[in-house]
Amino acid sequence: MDVAARAIIVFLLVLVITRAVGRRELSSMEPFDLIMLVVIGDLIQQGVTQSDYSLTGTLIVMSVLATLTVLTSYASFRFPRLRSTLEGEPIVLLERGRIIERNMRRERMTNDELASEARLQQISDLRDVHLAILETNGKISFIERAPKGPAADAAADAEN
C-alpha cells in the first residue's frame with residue numbers, strides 16, 4: 001500500500017507542476033526539455049518505487065497511475081467547473097489586431113513568438129488577425145479578419 005500512496009502523491013504533484021509550468025512551454029519541447037523530462041521520469045520512478053523492483057510493485061504503480069488518469073479525465077468530462085482547473089481555459093492573446101499584453105505576460109510569451117506562430121500559419125501581419133487564442137493544448141489558433149473593401153464586396157456578391 002505504501003507504493004500506491006506514493007504513486008497518488010506523485011500523480012498529484014505532476015498534475016500541479018504541469019499546470020504551473022504552462023501549456024505553452026509543454027507544447028514546444030526543446031532538446032533540453034526532453035532531457036529534463038527523462039530525468040524527471042527517472043526521479044519520479046525512484047521516489048515512487050524506492051527499492052521495490054518487484055513485478056507486484058510495478059503493477060500497483062501502473063494501475064494506480066492509470067486509474068488516476070482515467071478518473072481525472074472522467075471528472076473533467078463530468079464536472080464542467082472542474083474542467084478549467086484540470087485542463088485550463090483558452091486564452092485570448094490578440095483581439096482585433098491588438099495584442100493583449102496582460103495575457104501575453106501571464107503566459108510568458110513574447111510578441112516575436114506570437115508573430116512567429118502566425119507566420120507558420122501563413123499570416124504575415126498580426127493586424128490582419130481578428131483573434132489569436134492560446135488553446136488548452138498549447139497551440140495557437142488564429143482567426144483572420146474578414147477582408148474589407150471592393151474586392152471583398154465583389155467576392156461576397158459572387159457567393160450569393
Task: Under 3.5 Å donor-acceptor, Glu113 side chain and Thr110 backbone - done: yes
- [ ] Look up atom CD1 in Ile17 and atom CG in Leu15, then write down how far apart they are to the nearest 0.5 Å.
- [x] 10.0 Å
Task: Candidate pair His130 and Glu95, rule side-chain contact (heavy atoms from CB on, under 4.5 Å), full reasoning - done: CA-CA 6 Å; His130 177 65; Glu95 190 171 18; 5.6 Å; no
Task: Residue pairs involving residues 59-74 (criterion side-chain hydrogen bond (donor to acceptor under 3.5 Å, both in side chains); sequence neighbours excluded) - done: none
- [ ] Mind listing the closest non-hydrogen atom pair of Ser84 and Glu89 along with its distance?
- [x] CB-OE2, 3.2 Å
- [ ] Mind checking the CZ-CG spacing from Arg102 to Leu93? Nearest 0.5 Å is all I need.
- [x] 11.5 Å
Task: Of Leu65, Val48, Val64, Val3, the residue whose pairing with Ile8 passes side chain to side chain contact (heavy atoms under 4.5 Å, CB included) - done: Val64
Task: With Ser141 via side chain to side chain donor-acceptor pair (under 3.5 Å) - residues at least two apart - done: Glu135
Task: Joint hydrophobic cluster, Val14 plus Leu12, side-chain heavy atoms closer than 4.5 Å - done: yes
Open item on the list: To check you understand the geometry: which heavy-atom pair defines the closest contact between Leu82 and Ala75, and what is its length?
Closed with: CD2-CB, 3.7 Å
Task: Joint hydrophobic cluster, Leu86 plus Leu13, side-chain heavy atoms closer than 4.5 Å - done: no
Task: Nearest heavy-atom neighbours spanning Ile60 and Ala4 - done: CG2-CB, 3.9 Å
Open item on the list: I want to check something: taking the side chain as every heavy atom from C-beta on, are Thr58 and Met62 in contact at a cut-off of under 4.5 Å?
Closed with: yes
TODO: Show the numbers, then the answer: is there a side-chain contact (heavy atoms from CB on, under 4.5 Å) between Arg6 and Val61?
DONE: CA-CA 9 Å; Arg6 286 194 305 263; Val61 169; over 6 Å; no
TODO: Give the other cluster members for Val92, using side-chain heavy-atom distances under 4.5 Å between Ile, Leu, Val, Met, Phe, Trp and Tyr residues; answer none if it is isolated.
DONE: Ile100, Leu131, Ile133, Ile143
TODO: Please collect all salt bridge (Lys or Arg N to Asp or Glu O under 4.0 Å) contacts where either partner lies in residues 72-86, sequence neighbours excluded, each pair once.
DONE: none
TODO: Tell me who clusters with Val16, hydrophobic residues only, linked when side chains sit under 4.5 Å apart either directly or through other members.
DONE: none
- [ ] Start with the C-alpha distance between Asn103 and Arg106, add both sets of side-chain angles, then the distance that settles side-chain contact (heavy atoms from CB on, under 4.5 Å), and finish with yes or no.
- [x] CA-CA 5 Å; Asn103 291 349; Arg106 187 170 119 201; 4.2 Å; yes
TODO: To the nearest 0.5 angstrom, please state how far the CD atom of Gln122 sits from the CZ atom of Phe142.
DONE: 12.0 Å
Open item on the list: Between Arg98 and Leu126, is there a side-chain heavy-atom distance shorter than 4.5 Å?
Closed with: no
Open item on the list: If I compare all heavy atoms of Gly88 with all of Thr136, which pair ends up nearest, and what's the gap?
Closed with: O-CG2, 3.3 Å
TODO: Heavy atoms only: give me the nearest Glu117-Ile140 pair and the separation to one decimal.
DONE: CG-CD1, 3.8 Å
Open item on the list: Measuring only between side-chain heavy atoms, which start at C-beta, is Val129 closer than 4.5 Å to Ile123?
Closed with: yes
Task: Residue list, side chain to side chain donor-acceptor pair (under 3.5 Å) with Arg127, at least two apart or on another chain - done: Asp125
